[in-house]
Amino acid sequence: MRAHVEALRNNIHRVDDVADEIMASQLRGHKAIGQWRGRRGRQKFEVTGHRKLSPGAAENPSIRDAIDHARLQKRTVAEPNWMKRRGFDYAHSNLADRRALPYRAEGYDLSGVHALDSQADRARIRASLEAASMGEPGACVVLIDPGVARVIPGYPLRLWEGELEPCAVTFPVPHGYTGLRIAAQVVHRYASRCRWCDTNGATPSEGLVVSAGSTAYVFPTCRSCHDDLESFFDPAASPLDFVSNDGEQHAMGWPADWWF
């Protein structure tokens, strides 16, 4: 990883913002924390740091086994153009700072929606995705689900029906996104089956997101299994973080993390 990042710098060691961001992303968490500034009605959220997701989750043997298994699976790294075509772009990022729009079950078409002064940010999103595809992706989200896209040699990246191995894709966390935001979007788009059910057929109502270093693993989870996983911990202090699969964020135009 270090050699790859150093290759992004020129011969006079000019600081490369994309390279620095990739390196920094490996040290921070996957959820933005901060504080509101400004007067009511004109408030802006200032990100002051990030935190890990589901800290201590591995104390639950079922979750620990799931993480160990996930680490051993072969994974496809999502290609930049593929991610852009599927909405991992400026319009769906936190950079748009969008508030929740009126609820529409079918969602909003955000393609091509961007601020007039967003050219630099859009370029950084593209550059960070391209850099991630050339080496270790830095901060990333891994979804393991038979409904997720995968690569078969000689075929384009696409959705395949049925349970095929590997059913795991690594989604880099580009500029303007958090791991939590990527997790929410991939669960909404691709989660198809609960990770924990014995029948392996329940529809996931959410995704359990667990930080392990710079990687956040996402495990689709149904409501019943959610309760089972939570029951291992003190009800007043559960460490588990979930993203919903109820379509609400999609229906409200993917507002920024702090507006949802």
Side-chain angles (χ1 to χ4, degrees), residues 15 17-57 87-103 108 110 113-125 127-129 138-141 171-188 206-218 230 233-246 248-260:
V15 174
D17 291 342
V18 173
D20 286 342
E21 186 164 357
I22 291 174
M23 294 301 294
S25 71
Q26 299 189 72
L27 303 176
R28 63 181 183 236
H30 293 97
K31 180 177 182 178
I33 56 176
Q35 56 188 338
W36 291 97
R37 295 192 180 277
R39 293 177 296 177
R40 179 175 295 182
R42 303 187 67 180
Q43 289 181 308
K44 296 284 289 184
F45 187 80
E46 180 183 329
V47 177
T48 58
H50 296 77
R51 74 166 177 85
K52 301 292 186 181
L53 298 172
S54 301
F88 298 94
D89 53 15
Y90 174 89
H92 291 83
S93 75
N94 282 321
L95 296 169
D97 197 24
R98 185 181 302 106
R99 299 193 185 204
L101 300 175
Y103 188 96
Y108 289 81
L110 301 176
V113 176
H114 53 77
L116 294 177
D117 60 353
S118 66
Q119 184 174 355
D121 280 325
R122 286 182 282 133
R124 284 189 64 132
I125 291 175
S128 59
L129 286 174
C140 61
V141 170
F171 294 86
V173 179
H175 173 66
Y177 281 81
T178 60
L180 184 68
R181 189 169 187 82
I182 292 290
Q185 294 190 21
V186 300
V187 165
H188 169 72
E206 53 212 321
L208 171 64
V209 191
V210 184
S211 295
S214 61
T215 301
Y217 293 97
V218 184
E230 292 272 28
F233 302 97
D234 179 349
S238 171
L240 303 184
D241 287 297
F242 293 87
V243 291
S244 177
N245 190 32
D246 61 5
E248 189 172 9
Q249 287 174 279
H250 169 73
M252 294 193 297
W254 290 104
D257 292 355
W258 38 88
W259 287 116
F260 180 71

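Just so you know, these numbers use all the heavy atoms, side chains as well, and skip hydrogens, waters and symmetry mates.
You'll find the side chain of Leu95 reaches within 4.5 Å of the side chain of Ile125, heavy atoms only. Taking 4.5 Å as the limit, some side-chain heavy atom of Asp241 sits within range of a side-chain heavy atom of Arg51. The shortest distance between side-chain heavy atoms of His50 and Lys31 does not fall below 4.5 Å. Looking only at side-chain heavy atoms (C-beta outward), Phe242 and Val209 stay at 4.5 Å or farther from each other. At a threshold of 4.5 Å between non-hydrogen side-chain atoms, the residues Val210 and Pro55 do not count as touching. By the 4.5 Å heavy-atom criterion applied to side chains, Ile182 and Pro172 are not counted as neighbours. Residues Val141 and Tyr217 are not in side-chain contact: their nearest non-hydrogen atoms beyond the backbone lie 4.5 Å or more apart. Within the 4.5 Å cutoff, no side-chain heavy atoms of Glu206 are placed close to those of Val243.
Nearest heavy-atom pair, Ala32 versus Trp258, reported as atom, atom and distance to 0.1 Å: CB-CZ3, 4.5 Å. Nearest heavy-atom pair, Phe233 versus Gly56, reported as atom, atom and distance to 0.1 Å: CE2-O, 3.7 Å. Closest approach of Tyr90 and Arg122 over heavy atoms only: CB-CG, 3.5 Å. Across all their heavy atoms, Leu240 and Ala57 have their closest contact at CD2-CB, 3.6 Å.
Every residue meeting the side-chain hydrogen bond (donor to acceptor under 3.5 Å, both in side chains) condition with Asp246, not counting sequence neighbours, appears here in chain and number order: Ser244. Residues that satisfy the ring-ring contact (aromatic ring centres under 6.0 Å, His included) test with Phe88, not counting sequence neighbours, are Phe171. Taking Ala100 as the reference, Met252, Pro255 meet the side chain to side chain contact (heavy atoms under 4.5 Å, CB included) condition, with sequence neighbours excluded.
A donor-acceptor pair shorter than 3.5 Å cannot be found between the side chains of His188 and Asn245. Between the side chains of Thr178 and His30, no donor N or O sits under 3.5 Å from an acceptor N or O.
Counting non-hydrogen atoms of neighbouring residues, nucleotides and ligands closer than 6.0 angstrom, the CD atom of Gln35 exceeds 12 such neighbours.
Between Lys44 and Asp97, at least one side-chain N (NZ, or NE/NH1/NH2) sits under 4.0 Å from a carboxylate O, which counts as a salt bridge.
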>> One pair to check against side chain to side chain contact (heavy atoms under 4.5 Å, CB included): Val187 and Val218. What are the steps and the verdict?
In response: CA-CA 8 Å; Val187 165; Val218 184; 3.4 Å; yes

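Atom OH of residue Tyr108 and atom CG of residue Leu101 lie 5.0 Å apart, to the nearest 0.5 angstrom.
Put simply, the side chain of Gln185 gets close to the backbone of His92: a donor and an acceptor are under 3.5 Å apart.
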